[in-house]
Amino acid sequence: MGEDVAKHEFTREDRTRYRTKVRRCLDVFARMLREARFDFERPMTGLEIEINLIDEHGDPAMKNHEALEVIDDPDFVTELGQWNIEINVAPRRLAGGGITSFEETVRRSLNSAEEKARGIGAHMVINGILPTLRTKHVTPDQLSSNPRYALLNEQVLAARGEDLQISIDGVERLHLTASSIVPEAACTSTQLHLQVSPEQFPAYWNAAQAIAGVQVAVGANSPFFLGKELWRETRIALFQQATDTRGDELKAQGVRPRVWFGERWINSIFDLFEENVRYFPALLPICDEEDPLAVLDHGDTPALSELKLHNGTIYRWNRPVYDVVRDRPHLRVENRVLPAGPTIVDTLANGALYFGLVRALAEDERPLWSQMSFQAAEENFNAASRNGMDAQMYWPGVGTVPVVELVLRRLLPLAHEGLIRWGVDSAERDRLLGVIEQRCLSGVNGAAWQAREFHRHYDHTHLDRADALRTMLKSYVDLMHANEPVHTWPLSP
């Protein structure tokens, strides 16, 4: 959602005024696109990682407010659940060691934060879903204290008109009725930001959509929720269902979900913002005083606050972003498909694969999306979420093949080429894409390691399910801090 919000009750007049203001913002945005007012000469990339807090036993530590106080670093901010925080890493260019700089900065910041939070009994874990979460942890009283989360919770439930129903059928089955959106807080992700020009945006967004399934398959790290082994990237299904404002009747009518893959390739970033306004009612109809048209006519840059806020309540897996920095507007693709972890080096390897592939595909003379249906891309995404590295995927010119074969034979060379175009040096390329290669050769990503380690304890020792998950998590945390890529992690003897 981006910023704190204070208004807690909305009238019909509020909603009418907000709708009018959003449409005015959309008209101004269209004019800005026509007049080429955007900053893109030196494109920057960004990184955000959501983090879980645990206590000394491996259970969730409901201490994010206290943790942020002792960490005392503006790069760390609150998140939805009391066991969540997030680190926002300052943007930088990929060329000239940018990826390594990301890695070094995040490691340094997390080590410092871990040392400080240890004094209040909290420890950092980067993974897609904390495996020791239990039903008692995903209740309304575990929302973070920031009022924007309570307001978002109220509005989602009010729009839905009934409790949330979460049903996931994977290795095991889970059915949960939730009276709040707190289960969403279980979903901890990595977000990759890529600044592009208005002209480039459609190609980069389409490319990101096309490879979303590949990203999830090789990067999956969320096999457990509430003690059940579900999908390899359970976070995808959980996030979709934990924020769903539609009851069964609206689903039957074809109303779009707020967590959305989309339904078509695009020709302009405007397509996405216009869809947001056309398909989705406001959750938080909060207006500011700015007249965006007057600001633009005066030669200044409008904030488009209402359009940004509305966009922030629609959770596309690749989200369009409009932002203003130093009075200059820019556009970004925000890639949201990846879980956090398992290590920082794994996270940056996932980033290298993404940045390399989207550059190569976006600049291809024959666009991939001209050869592949949007539905096929979505089916790849769903197959990857369920099956991880065991997924089968469709790819033009190849057909339906195992995702590891697709990556090894077709996509890693493309990613190398894309990183060369970004100016990433050979040592960085080889090291990070080598991590992806070894994952594919070994068949081990975060989800695979977690599942194997859990079963090693649960199937072959006296430990019950909860203790097997807790023991697995302890090993995970120790290995995470060593920052060796997950494909090298041993299993317990």
Side-chain angles (χ1 to χ4, degrees), residues 49-64 66-67 79-86 110 113-114 117-118 120-144 166 168 170-174 176 178 180 182-189 220-235 237-239 242 339-343 445-481 486 489 491-492:
I49 304 174
E50 295 167 353
I51 302 162
N52 292 302
L53 301 175
I54 60 170
D55 62 20
E56 61 274 15
H57 304 295
D59 293 322
M62 305 299 180
K63 296 183 176 183
N64 66 353
E66 299 96 316
E79 260 296 333
L80 180 63
Q82 290 187 32
W83 68 94
N84 303 141
I85 59 175
E86 179 179 271
L110 286 180
E114 168 70 20
R118 189 180 300 133
I120 63 164
H123 305 274
M124 310 283 164
V125 182
I126 47 174
N127 62 356
I129 295 177
L130 189 62
T132 52
L133 281 170
R134 287 172 283 174
T135 304
K136 68 178 183 179
H137 299 130
V138 291
T139 56
D141 57 340
Q142 305 303 344
L143 271 175
S144 287
I166 296 171
I168 304 174
V171 177
E172 299 175 290
R173 293 184 177 183
L174 172 74
L176 173 70
S180 74
V182 175
E184 178 196 336
C187 306
T188 41
S189 65
N221 194 32
S222 313
F224 297 101
F225 179 54
L226 301 186
K228 297 289 186 71
E229 184 178 357
L230 300 167
W231 292 8
R232 282 300 178 251
E233 191 49 42
T234 304
R235 180 181 128 270
L238 179 57
F239 192 60
T343 64
N445 58 12
W449 185 90
Q450 286 191 58
R452 292 179 190 182
E453 179 75 356
F454 163 74
H455 283 290
R456 198 169 184 89
H457 294 294
Y458 184 59
D459 297 345
H460 303 293
T461 74
H462 66 282
L463 294 178
D464 64 16
R465 182 177 290 258
D467 284 337
L469 287 168
R470 196 174 287 112
T471 303
M472 178 271 285
L473 181 61
K474 183 180 184 302
S475 297
Y476 180 104
V477 172
D478 291 342
L479 293 162
M480 178 196 78
H481 283 300
V486 70
W489 289 10
L491 295 173
S492 298

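Minimum heavy-atom separation, Thr139 to Ser180: C-OG, 4.1 Å. Shortest non-hydrogen contact noted between Ile166 and Pro183 is CD1-CB, 3.7 Å. Annotation for Asn445 and Ala448: closest pair OD1-N, 3.0 Å, computed over non-hydrogen atoms. For Arg456 against Thr461, the heavy-atom pair with the smallest separation is O-CG2, 4.0 Å. In plain terms, the two heavy atoms of Pro342 and Gly446 that are nearest each other are CG-CA, 3.7 Å. Here the shortest heavy-atom pairing between Gly81 and Asn64 reads O-ND2, 3.1 Å.
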Exercise for the section: Begin with the C-alpha distance, continue with both residues' side-chain angles, and end with the deciding distance and a verdict on side-chain contact (heavy atoms from CB on, under 4.5 Å) for Asn52 and Asn127. Expected result: CA-CA 8 Å; Asn52 292 302; Asn127 62 356; 2.8 Å; yes
Practice task
Under the side-chain contact (heavy atoms from CB on, under 4.5 Å) rule, what do Ile49 and Glu86 come out as? Steps first, then yes or no, please.
Solution key: CA-CA 6 Å; Ile49 304 174; Glu86 179 179 271; over 6 Å; no
Problem - side-chain contact (heavy atoms from CB on, under 4.5 Å) between Leu473 and Val125, worked out - result: CA-CA 9 Å; Leu473 181 61; Val125 182; 4.1 Å; yes
Exercise for the section: Take Gln142 and His137 through the side-chain hydrogen bond (donor to acceptor under 3.5 Å, both in side chains) test and state the conclusion after the steps. Expected result: CA-CA 7 Å; Gln142 305 303 344; His137 299 130; over 6 Å; no
Practice task
Apply side-chain contact (heavy atoms from CB on, under 4.5 Å) to the pair Gln82 and Asp141, showing each step before the final yes or no.
Solution key: CA-CA 9 Å; Gln82 290 187 32; Asp141 57 340; 5.9 Å; no
Practice task
Might you work through the salt bridge (charged side-chain N to carboxylate O under 4.0 Å, His left out) test for Glu172 and Arg465, ending with a clear yes or no?
Solution key: CA-CA 13 Å; Glu172 299 175 290; Arg465 182 177 290 258; 2.9 Å; yes
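One distance of note links OG1 of Thr132 with OH of Tyr476; it measures 12.0 Å at 0.5 Å rounding. Rounding to the nearest 0.5 Å gives a distance of 10.0 Å between CD of Glu229 and CD of Gln450. To the nearest 0.5 Å, atom CZ of residue Phe224 and atom CG of residue Leu130 are 12.0 Å apart. Taken to the nearest 0.5 Å, the OG1 atom of Thr343 stands 11.0 Å off from the CG atom of Leu110. To the nearest 0.5 Å, atoms CD (Glu453) and CG (Leu469) are separated by 11.0 Å. Note that CG of Leu53 is 10.5 Å distant from OG1 of Thr188, once rounded to the nearest 0.5 Å.
With contacts defined as side-chain heavy-atom distances shorter than 4.5 Å, the pair Cys187/Phe225 does not qualify. Side chains of Ile126 and Met480 form a contact here, defined as non-hydrogen atoms less than 4.5 Å apart. Side-chain contact check for Ile54 versus Val477: some heavy-atom pair is nearer than 4.5 Å. At a threshold of 4.5 Å between non-hydrogen side-chain atoms, the residues Trp489 and Arg452 do not count as touching.
Applying the side chain to side chain contact (heavy atoms under 4.5 Å, CB included) rule to Ala185 yields the partners Leu80, Trp83, Asn84; only residues at least two apart in sequence or on another chain are considered. Legend: residues meeting ring-ring contact (aromatic ring centres under 6.0 Å, His included) with Trp231, ordered by chain and number and at least two apart, are absent. A search for salt bridge (Lys or Arg N to Asp or Glu O under 4.0 Å) contacts involving Asp478 returns Lys474, not counting sequence neighbours. With sequence neighbours excluded, no residue satisfies salt bridge (Lys or Arg N to Asp or Glu O under 4.0 Å) with Glu56. Evaluation of the side chain to side chain contact (heavy atoms under 4.5 Å, CB included) rule for Ala468 yields Phe454, His457, Tyr458, Leu463 as partners, not counting sequence neighbours.
Proximity of a side-chain donor or acceptor of Ser189 to a complementary backbone N or O of Pro339 within less than 3.5 Å is not detected. Distance alone, capped at 3.5 Å, is enough to place a donor-acceptor pair between the Lys228 side chain and the Arg173 backbone. At distances below 3.5 Å, not a single donor-acceptor pair connects side-chain atoms of Ser222 with backbone N or O atoms of Thr234.
For residues 121-140, every residue pair satisfying the salt bridge (charged side-chain N to carboxylate O under 4.0 Å, His left out) rule, not counting sequence neighbours, is listed here: Asp59-Arg134.
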